[in-house]
**Student:** 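Take a look at the following structure, please.
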Amino acid sequence: MDNRNNKVRLVKYDYLEKMKAKERLSDNEIKKLIRYAIYETDLSSNGDFLKPCLVQIGVKDVSAKIYEYYKNGTIREKIGALKLWYWVREDVDYFCTKRKKLIKNKHAIKNNKTEYVNRLELLKSDFKKCNDVLLKFFFQWAIFTERDSSLFEGLPETVPELKGYLIEKKAMDSLRILNIMFPNLAAEF
């Protein structure tokens, strides 16, 4: 990772820590956290930016904000949105550094699966209409409960497999986007 990317990453994570210390977030702060989450390349960390938002405004509203990126964004933002939906669920709590205690998600409702079911049906429908293999690959994060079904049959299963497929098909634009999103893999090929 180059020096500029390291600086951007430090700014994003510094902002996240400041937001975790707050009891209430403004709409602009929530939008900024979601944008940082969309552009985060670390698949295990992108959800960290959503936790304060999920606790503050709930799954339905966070999902709606992510959906805007998915529907109207660039290919990179669409992929970022698909990767984020893995983390959008009601059971999220987070540690508030200012109050030094765990903040429980007040939006968590025991049997609230409506938002997830609606999102799943919408995404499955969009997946079936999609012709872009790069985008289709990332639907696997958003519709992860379908991983064992035939829905994803024939798609590469891992990022290195996807990269090899894109090289073989000479899909250089998609390969460039993949290298931006997964900079650590760029050196492997």
Side-chain angles (χ1 to χ4, degrees), residues 1-2 5-6 8-9 12-13 16 33-51 53-54 59-60 62-92 113-189:
M1 196 181 298
D2 66 19
N5 285 342
N6 278 333
V8 169
R9 191 168 172 80
K12 287 180 1 180
Y13 278 90
L16 174 61
L33 283 169
I34 290 173
R35 183 164 179 77
Y36 282 164
I38 291 284
Y39 281 92
E40 177 55 52
T41 59
D42 186 337
L43 292 174
S44 60
S45 298
N46 61 347
D48 292 342
F49 293 94
L50 290 185
K51 289 177 184 178
C53 304
L54 289 165
V59 165
K60 186 175 183 181
V62 169
S63 189
K65 291 179 185 312
I66 294 170
Y67 186 75
E68 286 303 311
Y69 279 98
Y70 167 71
K71 236 11 191 178
N72 303 315
T74 64
I75 186 75
R76 187 171 177 198
E77 290 169 340
K78 289 174 189 277
I79 291 169
L82 289 169
K83 292 186 317 180
L84 273 183
W85 268 315
Y86 176 84
W87 300 108
V88 180
R89 53 188 191 265
E90 292 281 9
D91 63 347
V92 176
K113 294 185 180 177
T114 307
E115 173 60 30
Y116 175 75
V117 170
N118 291 342
R119 182 174 70 228
L120 182 64
E121 291 308 312
L122 174 75
L123 290 172
K124 282 169 45 175
S125 172
D126 285 357
F127 175 82
K128 291 173 185 171
K129 296 176 201 170
C130 182
N131 293 320
D132 184 326
V133 75
L134 180 63
L135 198 53
K136 280 188 104 151
F137 174 81
F138 286 99
F139 271 91
Q140 295 175 87
W141 271 271
I143 317 174
F144 64 92
T145 57
E146 302 293 312
R147 291 289 306 241
D148 294 332
S149 76
S150 63
L151 187 64
F152 299 118
E153 198 170 297
L155 275 179
E157 292 184 21
T158 66
V159 173
E161 285 178 17
L162 174 62
K163 201 164 190 172
Y165 175 86
L166 294 174
I167 290 169
E168 179 183 317
K169 298 293 182 187
K170 297 183 180 11
M172 295 306 148
D173 287 341
S174 293
L175 189 60
R176 184 182 53 76
I177 292 166
L178 189 66
N179 284 335
I180 290 168
M181 298 191 74
F182 293 96
N184 296 339
L185 288 177
E188 292 180 22
F189 287 89

**Student:** Using the ring-ring contact (aromatic ring centres under 6.0 Å, His included) criterion, which residues pair with Phe127? Sequence neighbours excluded.
**Tutor:** Phe139, Phe152
**Student:** What pairs of residues pass the salt bridge (Lys or Arg N to Asp or Glu O under 4.0 Å) test when at least one of them lies in residues 67-78, not counting sequence neighbours?
**Tutor:** Arg35-Glu77, Lys71-Asp126
**Student:** For Ala81 versus Ile66, what's the shortest heavy-atom pair and its separation?
**Tutor:** CB-CG2, 3.5 Å
**Student:** Would you mind listing every salt bridge (Lys or Arg N to Asp or Glu O under 4.0 Å) that reaches into residues 39-48, with sequence neighbours excluded?
**Tutor:** Arg9-Glu40, Arg9-Asp42, Lys12-Glu40, Asp48-Lys51
**Student:** Can you tell me how far apart OH (Tyr86) and CG (Leu43) are? Round to the nearest 0.5 Å.
**Tutor:** 10.5 Å
**Student:** Kindly compute the distance separating OG (Ser174) from CD1 (Ile75), expressed to the nearest 0.5 Å.
**Tutor:** 7.0 Å
**Student:** Considering all heavy atoms of both residues, which atom of Leu84 and which atom of Leu50 are nearest to each other, and what is their separation?
**Tutor:** CD2-CD1, 3.6 Å
**Student:** Would a 4.5 Å heavy-atom cut-off, applied to side chains only, mark Lys129 and Ser125 as touching?
**Tutor:** yes
**Student:** Nearest 0.5 Å please: distance from the CD1 atom of Ile167 over to the CG atom of Leu162.
**Tutor:** 10.0 Å
**Student:** Checking side-chain contact (heavy atoms from CB on, under 4.5 Å) for the pair Leu151/Lys128: CA distance, chi angles, key distance, verdict?
**Tutor:** CA-CA 9 Å; Leu151 187 64; Lys128 291 173 185 171; 4.0 Å; yes
**Student:** Residues in ring-ring contact (aromatic ring centres under 6.0 Å, His included) with Tyr69, at least two apart?
**Tutor:** none
**Student:** More than 12 heavy atoms of other residues, nucleotides or ligands under 6.0 Å from OH of Tyr39: yes or no?
**Tutor:** yes
**Student:** Only one of Asp132, Leu82, Ile143 forms a side-chain contact (heavy atoms from CB on, under 4.5 Å) with Phe138, so which one is it?
**Tutor:** Leu82
**Student:** Any side-chain heavy atom of Val133 within less than 4.5 Å of one from Leu166?
**Tutor:** yes
**Student:** How long is the straight-line distance from CD1 of Ile79 back to NZ of Lys83, given to the nearest 0.5 Å?
**Tutor:** 8.0 Å
**Student:** Measuring only between side-chain heavy atoms, which start at C-beta, is Leu16 closer than 4.5 Å to Leu33?
**Tutor:** yes
**Student:** Might you point out which heavy atoms bring Tyr13 and Ser45 nearest each other, and give the distance in Å?
**Tutor:** OH-CB, 2.8 Å
**Student:** Of all residues at least two apart in sequence or in a different chain, which pass the ring-ring contact (aromatic ring centres under 6.0 Å, His included) check with Tyr70?
**Tutor:** Tyr67, Trp85
**Student:** Of all residues at least two apart in sequence or in a different chain, which pass the side-chain contact (heavy atoms from CB on, under 4.5 Å) check with Thr158?
**Tutor:** Pro160, Glu161
